[in-house]
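Source: prediction; values computed, not measured. We count ligands from 1, going down the list as the structure has it; atoms in each ligand are counted the same way. We count residues from 1, following the sequence as given.
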Amino acid sequence: MKTVYVDNNATTAIAPEVLEVMQPYFTRDYFNPSSMYDAARSPAEAIRSARETVARCLGGIDPDQLLFTGSATESNNAAIFGAVQANPARRHVITTAVEHPSVLEIGKELERRGLDVTFLPVDGHGEISIDAFVKALRSDTLLVSVMMANNETGVCYPVAELARIAKQTDQEIVVHTDATQAIGKLPVNLSSDLKDVDLLAFSGHKIHAPKGVGVLFVRRGCRWRPFILGGHQEKGRRAGTENVPYIVGIAKACELAVQNLADEQTRVRGLRDRLEHELTARIPAVEVNGRDAKIRLPNTLNLAIHGIEGEAILFELSRHGICASSGSACTSGSLDPSHVLKAMNVPFSAIHGSLRISLSRYNDDTDAERIIEVLPTIVANLRRLSPYWDDANNCLQI
Ligand code: PMP
């Protein structure tokens with residue numbers, strides 16, 4: 001049975017083109033790029049070229065503004081703690097209630113350290129209010145950190161507009177965005193619409209590069225201090241011997257992501273829309289979380305399936321060779337239901353039955369057909385056993 005992998009917001013398969021360009025740096029060109037002998041020139045040159053490639057992909061920016069890191073989590077930590085360290089006179093941070101834990105937990109930590117943190121709420125569509133953002137800005141606001149796109153629902157946030165407003169209000173405010181789910185799915189251009197963004201983070205493993213490599217953009221002139229200290233690598237802004245093959249890999253993955261953006265926005269969106277349409281038509285009492293948001297990632301479908309547990313659905317899907325994910329309890333080692341769906345006020349019975357399907361360029365019609373064939377039966381069978389489901393009337397017990 002062929003595996004149908006539709007959990008691409010969690011991680012992606014490594015593209016063969018990416019693996020191919022990485023290979024020589026594990027074997028032939030393994031040298032430390034900082035070494036003085038001629039042999040080390042090849043890995044040093046590979047890093048320089050990778051930085052140029054990523055810079056081109058992000059809107060033709062100056063490559064010196066890019067650092068390679070170990071993950072998006074590290075990039076977010078470096079971005080936020082680096083901005084906080086560099087601006088000790090300011091004590092207020094604005095973020096949202098639906099950030100990935102690699103931003104949300106930093107917000108909570110900053111509160112413990114005595115800073116004021118505004119976690120902007122979201123409405124039932126998963127969106128934040130620009131008015132609420134404007135009202136939240138203060139004379140001592142140090143940092144704004146709003147993600148470009150949410151990993152659970154795919155809801156996208158107006159980062160370019162928020163950045164413009166923040167800078168018009170006060171040039172000194174540092175603007176950070178977690179772009180981990182945006183790269184390859186939305187245009188990301190730091191020279192045009194995102195020109196007011198100072199710090200931008202993403203990782204390789206969401207764009208068909210390996211896990212364990214990330215990028216942090218730090219705009220020239222931004223008040224920011226290095227977070228990881230040690231050697232002189234990355235001009236002293238991120239110490240540690242460079243992970244040459246992975247850096248080469250993430251650059252190739254960025255190049256492919258830009259090349260495939262049109263496919264993502266047409267063919268992949270079409271597959272997602274087909275799944276959404278057919279699954280909501282065949283399954284009673286199902287809603288789409290984030291459906292009415294102004295912009296949603298083209299690859300993401302988050303279903304609220306009332307009356308059953310997401311884990312049970314995942315287990316049954318897995319028996320049919322389908323890998324998806326759930327926003328409900330226990331999926332990622334946590335006992336709490338999704339903070340994102342809770343912030344959207346999704347009802348209890350639907351948070352627990354949430355199912356996320358996230359596609360990539362490697363998915364096709366046959367994958368969608370398998371899911372459309374299998375999921376409605378799984379849901380019907382589980383509902384038959386559920387105390388929350390009225391089987392006679394085919395609706396939720398109230
Ligand atoms: N931000 C977002 C929006 C994400 O989806 C993820 C990964 N789930 C991360 C940050 C963390 O990425 P990494 O695994 O590279 O640390």
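Between the side chains of Asn381 and Arg384, at least one donor-acceptor pair of N or O atoms lies under 3.5 Å. Side chains of Glu52 and Ser49: no donor on one and acceptor on the other come within 3.5 Å.
Side-chain contact check for Ile228 versus Glu74: some heavy-atom pair is nearer than 4.5 Å. For the pair Ile106/Glu111, no side-chain contact is recorded, criterion being any heavy-atom separation below 4.5 Å from C-beta on. Residues Asn299 and Lys185 meet the side-chain proximity criterion, which asks for heavy atoms closer than 4.5 Å.
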For ligand 1, find each of its N or O atoms that sits under 3.5 Å from a protein N or O atom, and tabulate the pairs with distances to one decimal place.
from: ligand 1; atom 1: 1 (N); to: Asp178; atom 2: OD1; distance (Å): 3.4
from: ligand 1; atom 1: 1 (N); to: Asp178; atom 2: OD2; distance (Å): 2.6
from: ligand 1; atom 1: 1 (N); to: Thr180; atom 2: OG1; distance (Å): 3.4
from: ligand 1; atom 1: 5 (O); to: Gln181; atom 2: NE2; distance (Å): 2.8
from: ligand 1; atom 1: 8 (N); to: His100; atom 2: NE2; distance (Å): 3.3
from: ligand 1; atom 1: 8 (N); to: Lys206; atom 2: NZ; distance (Å): 2.6
from: ligand 1; atom 1: 14 (O); to: His205; atom 2: NE2; distance (Å): 2.9
from: ligand 1; atom 1: 15 (O); to: Ala72; atom 2: N; distance (Å): 3.0
from: ligand 1; atom 1: 15 (O); to: Ser203; atom 2: OG; distance (Å): 3.0
from: ligand 1; atom 1: 15 (O); to: His205; atom 2: NE2; distance (Å): 3.4
from: ligand 1; atom 1: 16 (O); to: Thr73; atom 2: N; distance (Å): 3.0
from: ligand 1; atom 1: 16 (O); to: Thr73; atom 2: OG1; distance (Å): 2.5

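Evaluation of the side-chain hydrogen bond (donor to acceptor under 3.5 Å, both in side chains) rule for Thr73 yields no partner, not counting sequence neighbours.
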